[in-house]
2 protein chains.
Amino acid sequence: MLGHGGSEPRRTRIQAAKRASIVKAALEVFSEAGYSAATLERIAEAAGISKASLLYYFPGKEAVYVAVLEDTLAFWLEPLAALDPAGEPLEEIGRYVTTKLEMSRKRPAASRLFANEILAGAPAIGGFLKGPLKELVDKEAAVISGWIAEGRLAPVDPRHLIMMIWAVTQHYADFDPQVQAVLGREAAKRRFAAARETLLAVLLEGLRPRG
Amino acid sequence: MLGHGGSEPRRTRIQAAKRASIVKAALEVFSEAGYSAATLERIAEAAGISKASLLYYFPGKEAVYVAVLEDTLAFWLEPLAALDPAGEPLEEIGRYVTTKLEMSRKRPAASRLFANEILAGAPAIGGFLKGPLKELVDKEAAVISGWIAEGRLAPVDPRHLIMMIWAVTQHYADFDPQVQAVLGREAAKRRFAAARETLLAVLLEGLRPRG
DNA sequence: AGAAAACTTGACTAAATGGTCAAATTGCAG
DNA sequence: CTGCAATTTGACCATTTAGTCAAGTTTTCT
């Protein structure tokens with residue numbers, strides 16, 4: 001569809017740049033509206049082109065959506081793979097929580113994109129969840145299990161612990177309107193600082209190996 | 001539109017029953033598809049009537065949606081108001097977590113309905129969040145603050161603690177496809193039991209007053 | 001029974017929206 | 001400059017879907 005054999009000349013780079021700008025615009029629209037409420041018209045407008053032009057670069061709405069998901073997936077998983085078995089468990093987990101929370105603050109659209117997709121039954125990334133994601137979680141769960149076996153962490157189900165961390169960190173991006181309503185006038189920065197302190201206090205104390 | 005002055009005869013009861021059955025059907029559809037992907041046709045079909053008949057009972061799609069939200073709101077908040085200031089803090093919080101988790105298991109559609117609504121920016125319940133919900137949270141936060149002041153609970157931000165509990169419990173309903181993918185072949189009952197054990201272990205240990 | 005009110009629904013309309021297409025424009029290689 | 005390929009887009013088409021309506025059917029009341 002795109003490839004012409006051989007040396008991949010300028011054109012390709014232009015196309016890639018254009019597609020990237022469409023994907024960027026589409027991330028905003030899909031994450032705010034969800035798949036069905038998002039319109040190609042809005043995405044095209046956000047990207048500064050016409051709808052017909054957008055459809056010159058992508059075969060259809062679903063293709064744009066998949067491209068956005070793919071573009072965001074790798075980035076979103078990155079921190080999970082960062083647990084170092086040789087490190088101090090509470091420190092590693094604390095760093096993981098902080099990183100994930102930071103991502104919720106800096107890239108809320110990415111978080112909401114996945115929230116929408118999974119809420120809708122994960123029609124587009126179901127395979128990814130059962131494959132690569134599960135494998136990654138299994139691997140990290142093994143690291144946590146190792147720490148528990150060494151007595152360096154309280155004995156809890158590693159997979160549920162991982163999901164617990166996902167839940168509390170992503171909550172701040174996904175359910176922002178509720179968070180804002182409940183916290184009232186607190187400044188945004190203070191909000192994330194307070195969240196970090198609370199999460200770390202409860203999680204790290206709760207996971208400290210029992211004497 | 002509906003009211004005829006005076007003694008509210010049989011008709012009203014029939015109407016109420018019909019509206020209730022529509023609301024019940026609509027909860028399923030809205031919670032699975034979100035507002036825009038849900039169609040009146042599907043809701044009517046789920047309620048066993050024609051679309052035109054549905055529109056005889058409700059003036060439009062949005063009215064059905066609002067009715068579903070109102071019908072679900074009170075029920076969903078119930079457990080929050082159950083924190084007893086006179087009780088043992090860790091016990092009260094443990095009971096709250098268990099209740100909320102139980103609701104996620106028994107009424108996942110209700111949880112997903114709110115998740116969708118808030119993800120979409122809470123267009124329909126924004127006022128509720130900033131009003132009644134915030135007040136309820138403030139009240140419960142005061143109870144928690146009291147416990148902390150008495151040294152019966154570790155010092156954490158009460159509002160963030162409440163949101164932390166919401167996040168981890170609702171996660172199991174809202175992001176079920178991801179939970180299923182990550183946990184693999186575990187049976188559903190075992191899944192919730194394991195979740196409860198992990199959440200209670202971490203939260204209660206993490207909130208125990210520091211010696 | 002008979003009239004009136006409540007209810008039901010098939011058929012329709014209007015608007016939104018994903019996708020197509022042919023004609024115009026732009027960029028570039030020879 | 002010339003011509004070809006890539007790009008852009010306005011106009012258009014087809015489908016979906018919220019909402020209307022008139023013509024029925026059922027229920028209730030006297």
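Naming convention: chains lettered A, B, ... in sequence-line order (proteins, then strands); numbering from 1 in each chain.
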Aromatic ring pairing B/Y35/B/F30, orientation class (parallel under 30°, perpendicular over 60°, tilted between) | parallel

Sequence-aligned protein contact record of nucleotides 9-19 of chain C, with B where the base is within under 4.0 Å of a protein heavy atom and S where only the sugar-phosphate is = BB------SBB

For A/W166, all residues meeting side chain to side chain donor-acceptor pair (under 3.5 Å), sequence neighbours excluded | A/Y96

When rounded to whole Å, the OH to C1' distance for the pair B/Y65 and D/dA18 reads 17 Å

Rounded to the nearest angstrom, tell me the gap between atom NZ in B/K18 and atom P in C/dC7.
-> 9 Å

Taking only residues at least two apart or on different chains, which pairs with a member in residues 132-147 of chain B satisfy side chain to side chain donor-acceptor pair (under 3.5 Å)?
-> B/K134-B/D138, B/D138-B/R159

Could you tell me which non-hydrogen atom of B/V23 sits nearest to which non-hydrogen atom of B/V68, and how far apart they are?
-> O-CG2, 3.7 Å

Hey, are B/E32 and B/R42 close enough for a salt bridge, meaning a charged N less than 4.0 Å from a carboxylate O?
-> yes

